[in-house]
**Q** 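A single structure is presented below for examination.
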Amino acid sequence: MTTTTTTPSQILQHTTAFLSDVLSHSELRRRLISTLLRHSSISNQVTLKHLNLAADTLDNAISVSSPTIRTSSLTLAEKLLLPLPQNPISSFLLSLIYTINKRQVEAALSILQLFYLRPSLARSDIAPILYEQLFSLHLLPVFRSFDEQRAKILPSTSENSARYPDDYSVFDESVVLPPTKLLSRMSDNQASKLRELERDYEEAIDDNCRIVADYLKEVLVNNTGDSSISPPLSILKNSRDDAGMEHSQEEIVETNTPLFKNGRYNPIWTERETSIEFSSSSFNAKCLNALFHPQRVSPKILKHQETSIKMSLPSRSNIDAETESSQDENMPCYSTESEAETKEKDTMIPLEPRGSQIPESFQINIAEPGGSPDHTMADYDHQPPGNGKCAPPKDFVCPITSNLFDDPVTLETGQTYERKAIEEWFNRGNSTCPITRQKLQNTQLPKTNYVLKRLIASWKEQNPNSIPSPSPSESLHAETEVAIKSTTPSTSPNSVITQANVDGMISELRHAINNLYMSEMLEESEMAVLQIEQFWKEVNQGVDIQSMLSKPPIINGFMEILFNSVDPQVLQATVFLLAEMGSRDNAVIQTLTRVDSDVECIMALFKKGLTEAVVLIYLLKPSTTTLAEMAILESLITVFDKKEEDLLKMCIKPKSAAVLILAQILGSNEERIASSVAKTLMKGRVIGYIVGSFRAEWAEERIAAVEILLRCIQEDGTCRHLIAEKVELSPILESFIGAKDVERFKTLQFFSELVKLNRRTLNEQILHVIKEEGAFSTMHTFLAYMQTALQDQSPVVAGLLLQLDLLVEPRKMSIYREEAIDTLISCLRNNDFPATQVVAAETIMSLQGRFNFAGKPLIREVLLNRAGFNRNRRSLDQMDHISNISGELEMNPEEENAADDWERKVASVLVGHEFGLLFEALAEGVKSRSTQLSSTCFISATWLTYMLSILPDTGIRGAACVCMLKRFVSILKSAKDTEDRILAMLALNSFFQYPDGLLDLTFYTKDVLKGLRELKRYSPLASELLKVLVEENESKAGIWMHKELIQVDCSENGEVSSVISSKDKIFSGHSDGTIKVWIVRGSSFQLIQETQEHMKAVSCLAISESGDKLYSGSLDRSVKIWSIGKSAIQCVQVHDMKVQIHNLAVANSKFCYIPQGNGVKVQSLNGESRLLNSNKYVRSLALAHERLYCGCHDNSIQEIDFETGTVNTIQSGSKRLLGKANPVYALQIRGEHIYAASSSLDGAVIKIWNTSNYSMIGSLVVASEVRTMAVSSELIYLGCKGGALEIWDRKEQNRIDTLQIGTNGRIACMAVDGKEEILVIGTSDGRIQAWGIN
């Protein structure tokens, strides 16, 4: 016995192809996951939550472009699924994950596990193609077994042929009884047994699917590639009449039950029916005996027989003779009698009318529309014998079209159909097998049955003369007859409808159709419409009315009724039928839209009160311009006033269609049309019904309702209050996952607009609903969408996500908050997308949380109110507007407290993000040339700066001062709008309350004083600030003054990496290896020498204690010693140090430097060297009194005695905080004090230590990071990030001034001359600046 084996490569080929196809089609993937969830029996909510989260994470991994994010997402999804109990959903998701990761074997095992867990669902809805490719061949014994049991239940044709009415002659053995005739005469006992057999059949298929799944998994695991693993034996359940009988797979094979030539098996239709011979009285007996599979009867044959047929039965000897002369031993064929004999016999067959003749309207010919190359069985059945033509095997003919198969597909019931024919069957709403009437688990068609297709092609090659040309006679009724014959319900045990009743209904229907499009009497056509409508409603299953009515001539007949009838009932019925047909068949819609007048007629009827026409209008999909020109808006609104019970039940509810049409109009690019429609909708009660559409079952209607309401809110924000009162957001959240990206953004935009009510408590209630309701993790889903959203969409999503995160007290770390704020800042700084910048700025401004009744932010009005703006000074024409604002600002205590709490939370997380990074972005926006962007950023910056005076001091005010102070002063000084100047004054008030900020303001004293004096009459705050500023200046009469002497551009030499002063000269080292010598005379600053002897950057310069030598260290691994003359320097010694030099200190006959690795090297001039502090990575050096001070990478500071080598620790090191190092960037020694500059992780940037007892005696809190420092006898100069130069009083340890270097570069180095009269700095962009100190 030959067994069917499957190799690992075959399994992997089929499973990989299927899973790859699922991954490449997002809609298919989501539908399959949804189907699995819908059929899930999981009750554990934690498990369901993990499954949903894993599905979302997988979807995100597929959609992102970043490999890192994809890998992490897939890993997370896999970790979520593996601990869960085995279930179909997790198996399916894991198979997709393994496929992406190219783990094909694991993917195949997972998808096969789905067939083991839920075989029925897997083979019908999830992976029918895999069932066909991997399972069906192994299940053939099951099919055969059930065939035998079914054959014992059903009667044979020979036993029943004599009991049929006169339509079929008892003596005519060539006439085949239709299966419907046969099944309609089954006894109740037979029908019951068939139903039991069908149940057993389904159970057996499920059990055997599990066995085959285990077998396929075993093949994969062993991976032998040979047939050492035998296919599993099938479990065959026995019929209740055959209890005790068991059949193994081998026994079933030995029974030699024939299979269909296409490899399929049908457990219901296997009656051995004889073929039909009309043209000859003799036929091939071998052909008769070979037909073991179900044979279909051509409608032409039945018609020809019923008109009147008399045949002479051939004698037995003739049959034997024909058998001997058979041309083909395997193919049913006709005899080879001569053509002359055939003609003679034909003349002997009289055609007489019968008493039970079919009505004339039924006597039609079958022809495939459009001259199809397929051929009907009648074409073969009417061929005269002896012409060499042979009838095709019945397996080669579609039972629906009676044509040779062109693209055969085999359903799960074993029946094979033409693809186009069965597709049309499914498109009409059917979900059963046309022949067996069995409910199909899946209506997705499998791949072409290529085995059968090749057999047909082979037969055609062997019988070229047996393929007739298509008949030219085609008619509407011929197509109708095909539809009738192919869709008339069989009287199966599940659906017992007598053939006589069906025939009667068909006759009445065809008569009505004839009257509809052929009658010249309007009343007769109107009556036909009502009859067709009644037939349509009463026969939900049975005759396929759709194909009978959807032909263009009949559609035109319906349109004639619409043009001419005035009967409301007839018009309603006509529209109902057209809408029902159009929803099922797009060809109907195409027929209607070919003529513009048809569409106009339907719209005109709708405007006259035919409400149901709105469904047809929606299906016709007219353009927005057409809808606007026809002015149907008022009619659409009247649809909502109708009661549901007064409207017909249609394929689409009329109110749903009206919602969808309104969404189409409002989504128009014609702003004028959309605006007009939105205004009209808000005048009536339509908004309430649109909100009700959120509960619609159809997701498309829910999304359309969102788009309508969003457009209405954008047109007039006052309607958001009515929407908020009635809205139910859960259905919208459920629709979010399956929606398109454009629809998702519309939904998020709607949510963002909805939380702009003038009551803070209501806004937070809605935010809670959005966050907590819905079947998925809202925060995670919104975050995933934001990461892939378009630039102009990101700010809106980020703003909503941030609000949802802030519903609870802000945590130290939240991925949602961090991502949202980062997105807002990124969009705000993206100069390539100006529109996105504006949206981001407006989103930040709206986060303040106060809105007027129309949803507009009140942030500007609130800030002016806090500044004490005296509105009585405003012009009279603005008084009404001001009074309205005053009313909107008034809140009850509960709302006021809620608004204040929200404002503090939002401001705290915004200003605290990345130590005030948002202020940098806002400062850039204020400088923008776009008026809208500049104004919005200015208001947001004012608000956040004001909030700094209310929030706890975390050092952010320094960053805000650096970024915004100069801009606020400029607006206070020169803005034309008084309100803008008031807002700038309010922001500056925060700096007045900050000592260092007040110090910074003294630099702009003149401009600030002038502005405040001009604003005294508008705000009492101006007077208060004037008083503070005057007192501050009087107490600082002796303040240090720094006058800029010179600014030189040396960018051609790269970065100024080091500067040092000696007597009247200043030396500068540059990144190209150049050393420049400058001479200072009074306020003049002159270059006297430029030399380039280093090959790489001069990283450090040092002066000997005697002052006559200059030491230069370079990245070219050398130290050069220069003699300092009156007008030039000259290199006198070169030391090759083998390592790069990063810092340098000189004492007597030795110098110290920081090498590339750990420790500090001490080099004597005679060539000796030693390594000190080797266990530390030193970052900065200072040398004084034969002691070396080291500032290290771990924030520690050591003192090393040169003579004894003793190391004392001044400041202990610290571990890295949050993965960041905290090095000591600069060390300076002045007297007995050590000044160390490091980062601000612990609050203090500058720490001051005593060299005698190593105690810390002070610290300076600086807003920005300090990388370089210079100390004079009375002042401390700090080079800060952002180009600011802060000046501190050394004794008082307070800041007295801030100098702006005026470039975008950082301060790389600085020095004070010996007389402490000049401060010189070098910047990273190659500039040297000097100030005179007074």
Side-chain angles (χ1 to χ4, degrees), residues 1053-1060 1067-1075 1091-1105 1109-1122 1129 1131-1184 1186-1202 1205 1207 1213 1221-1229 1236-1238 1267-1268 1308-1309 1311 1322 1324:
N1053 301 111
E1055 178 181 342
V1056 181
S1057 52
S1058 56
V1059 293
I1060 195 167
F1067 306 93
S1068 62
H1070 302 261
S1071 60
D1072 66 346
T1074 300
I1075 297 177
T1091 180
Q1092 186 178 9
E1093 296 195 18
H1094 283 288
M1095 302 300 294
K1096 293 185 179 180
V1098 179
S1099 57
C1100 48
L1101 295 172
I1103 302 293
S1104 63
E1105 292 182 343
K1109 293 289 191 298
L1110 171 68
Y1111 290 72
S1112 63
S1114 172
L1115 299 183
D1116 65 1
R1117 304 183 179 186
S1118 67
V1119 173
K1120 297 183 186 292
I1121 303 176
W1122 310 74
I1129 60 173
C1131 181
V1132 295
Q1133 196 172 357
V1134 177
H1135 293 267
D1136 184 6
M1137 311 309 299
K1138 307 299 182 183
V1139 294
Q1140 292 182 344
I1141 309 300
H1142 291 283
N1143 209 330
L1144 193 65
V1146 179
N1148 296 329
S1149 60
K1150 53 183 172 291
F1151 59 88
C1152 310
Y1153 65 92
I1154 299 175
Q1156 197 166 357
N1158 286 354
V1160 177
K1161 278 200 172 184
V1162 180
Q1163 181 82 26
S1164 62
L1165 297 181
N1166 59 13
E1168 295 180 358
S1169 65
R1170 55 177 174 156
L1171 182 66
L1172 302 177
N1173 207 14
S1174 60
N1175 60 340
K1176 292 288 185 179
Y1177 178 21
V1178 181
R1179 185 64 182 268
S1180 54
L1181 285 179
L1183 188 61
E1186 291 296 318
R1187 285 180 172 82
L1188 178 65
Y1189 297 90
C1190 304
C1192 301
H1193 200 66
D1194 62 356
N1195 202 239
S1196 64
I1197 301 174
Q1198 289 89 30
E1199 179 191 70
I1200 304 174
D1201 191 316
F1202 271 137
V1207 178
N1222 185 19
V1224 177
Y1225 293 112
L1227 280 178
Q1228 289 287 328
I1229 309 296
S1238 59
R1267 291 299 182 97
T1268 183
C1309 51
S1324 60

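Counting begins at 1 with the first residue of the sequence.
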**Q** Apply side chain to side chain contact (heavy atoms under 4.5 Å, CB included) to the pair Lys1176 and Asp1194, showing each step before the final yes or no.
**A** CA-CA 8 Å; Lys1176 292 288 185 179; Asp1194 62 356; 2.7 Å; yes
**Q** Are more than 12 heavy atoms from other residues, nucleotides or ligands located less than 6.0 Å from atom NZ of Lys1096?
**A** no
**Q** Contact between Asn1173 and Val1178 at the side-chain level, heavy atoms closer than 4.5 Å - yes or no?
**A** yes
**Q** Under a 4.5 Å cut-off applied to non-hydrogen side-chain atoms, are Tyr1189 and Gln1198 in contact?
**A** no
**Q** When rounded to the nearest 0.5 angstrom, what is the spacing between OG in Ser1114 and NE2 in His1142?
**A** 10.0 Å
**Q** Name the one of His1070, His1094, Lys1120 that satisfies side-chain contact (heavy atoms from CB on, under 4.5 Å) with Ile1075?
**A** His1094
**Q** Between Ile1103 and Phe1067, is a side chain to side chain contact (heavy atoms under 4.5 Å, CB included) present by the stated rule, with each step listed?
**A** CA-CA 10 Å; Ile1103 302 293; Phe1067 306 93; 4.2 Å; yes
**Q** Any chance you could lay out the side chain to side chain contact (heavy atoms under 4.5 Å, CB included) test for Leu1181 and Cys1190, step after step, and finish with the verdict?
**A** CA-CA 5 Å; Leu1181 285 179; Cys1190 304; 4.0 Å; yes
**Q** Are the side chains of Trp1122 and Thr1091 in contact, using a 4.5 Å heavy-atom criterion?
**A** yes
**Q** If you apply the rule side chain to side chain contact (heavy atoms under 4.5 Å, CB included), what do you find for Phe1151 with Leu1183, and how did you get there?
**A** CA-CA 10 Å; Phe1151 59 88; Leu1183 188 61; over 6 Å; no
**Q** Of all heavy-atom pairs between Ala1184 and Ile1229, which one has the smallest distance, and what is that distance?
**A** CB-CG2, 3.9 Å
**Q** Once you round to the nearest 0.5 Å, how far does CG of Leu1172 lie from CG of Asn1158?
**A** 13.0 Å
**Q** Check Ile1154 against Ser1180 and note the closest heavy-atom contact, atom names and distance.
**A** CD1-N, 3.8 Å
**Q** Locate the shortest heavy-atom distance separating Arg1187 from Asp1201; write the atom from each residue and the value.
**A** NH2-OD2, 4.0 Å
**Q** Could you check if a side-chain atom of Leu1188 sits within less than 4.5 angstrom of a side-chain atom of Val1160, using non-hydrogen atoms only?
**A** yes
**Q** Are the side chain of Ser1238 and the backbone of Val1224 linked by a donor-acceptor contact shorter than 3.5 Å?
**A** no
**Q** Just by distance, do the side chain of Ser1057 and the backbone of Val1098 share a donor-acceptor pair under 3.5 Å?
**A** yes
**Q** What distance separates Asn1195 CG from Tyr1225 OH, expressed to the nearest 0.5 Å?
**A** 10.0 Å
**Q** Find out whether Ser1104 and Tyr1111 are in side-chain contact, i.e. whether some heavy atom of one side chain is under 4.5 Å from a heavy atom of the other.
**A** yes
**Q** In Å and rounded to the nearest 0.5 Å, what is the SG to CD distance from Cys1152 to Gln1163?
**A** 10.0 Å
**Q** Please name the pair of heavy atoms, one in Glu1055 and one in Ala1308, separated by the smallest distance, quoted to 0.1 Å.
**A** OE2-CB, 3.5 Å
**Q** Side chains of Leu1115 and Ile1141: does their closest heavy-atom pair fall under 4.5 Å?
**A** no
**Q** Does Leu1101 reach the side chain of Leu1144, with side-chain heavy atoms less than 4.5 Å apart?
**A** no
**Q** Drop me the distance from Lys1138's NZ to Arg1117's CZ, to the nearest 0.5 angstrom.
**A** 9.5 Å
**Q** Would you say the side chains of Ser1118 and His1135 form a donor-acceptor pair under 3.5 Å?
**A** no
**Q** With rounding to the nearest 0.5 Å, note down the distance linking CD1 in Ile1129 to CD in Glu1093.
**A** 8.5 Å
